[in-house]
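These numbers come from the heavy atoms of this one structure, side chains and all, not from hydrogens, waters or symmetry mates.
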Amino acid sequence: MSQYPLDVLRQRYVVEKRPLEASVEQILRADTRAGAQAILASIDKRRFENRSEGQRLRKMLRFESSLGKAAVMPWQAWTRPE
């Protein structure tokens, strides 16, 4: 890990959005440099956004499933019959 400069780590884990291995995360968390903390902050933000989007999609699926059980498709819920 120490052989990689922070710009390489930023490219790999922030720009390319590769998953961060637990061992690399531990090393970055122990690193007090501002650049290392900025990389972790970006990764934490991405994780939070991914988690939020997953929750939003689960709620939407739950809502659409309840409409399906009532034999109403989501697009039918907002249209008037002609």
**Asked** Mind checking whether E53 and F48 have side chains closer than 4.5 Å, heavy atoms only?
**Response** no

**Message:** Test of understanding: with side chain to side chain donor-acceptor pair (under 3.5 Å), list the residues that count as partners of R62, not counting sequence neighbours.
**Reply:** none

**Item:** Salt-bridge criterion met for E49 and R46 (N-O under 4.0 Å)
**Value:** no

**Asked** Are V24 and V8 joined in one hydrophobic group, where the rule is that I, L, V, M, F, W and Y side chains link up if heavy atoms are under 4.5 Å apart?
**Response** yes

**Nearest-0.5 Å distance, CZ of residue R47 to CZ of residue R51** = 8.5 Å

Without placing hydrogens or testing angles, list every side-chain donor-acceptor pair under 3.5 Å for residues 34-45, not counting sequence neighbours.
unit_1 : atom_1 : unit_2 : atom_2 : d
Q37    : NE2    : L28    : O      : 3.4
Q37    : NE2    : D31    : O      : 2.4
S42    : OG     : A38    : O      : 3.2
D44    : OD1    : R29    : NH2    : 3.2

**Fill in**
Rounded to the nearest 0.5 Å, the NZ atom of K59 sits from the CG atom of L57 at a distance of 11.5 Å

**Value rounded to 0.5 Å, distance of CD in Q11 from CZ in R18** = 8.5 Å

**Request:** Tell me yes or no: between the side chains of Y13 and E25, is some donor less than 3.5 Å from an acceptor?
**Result:** no

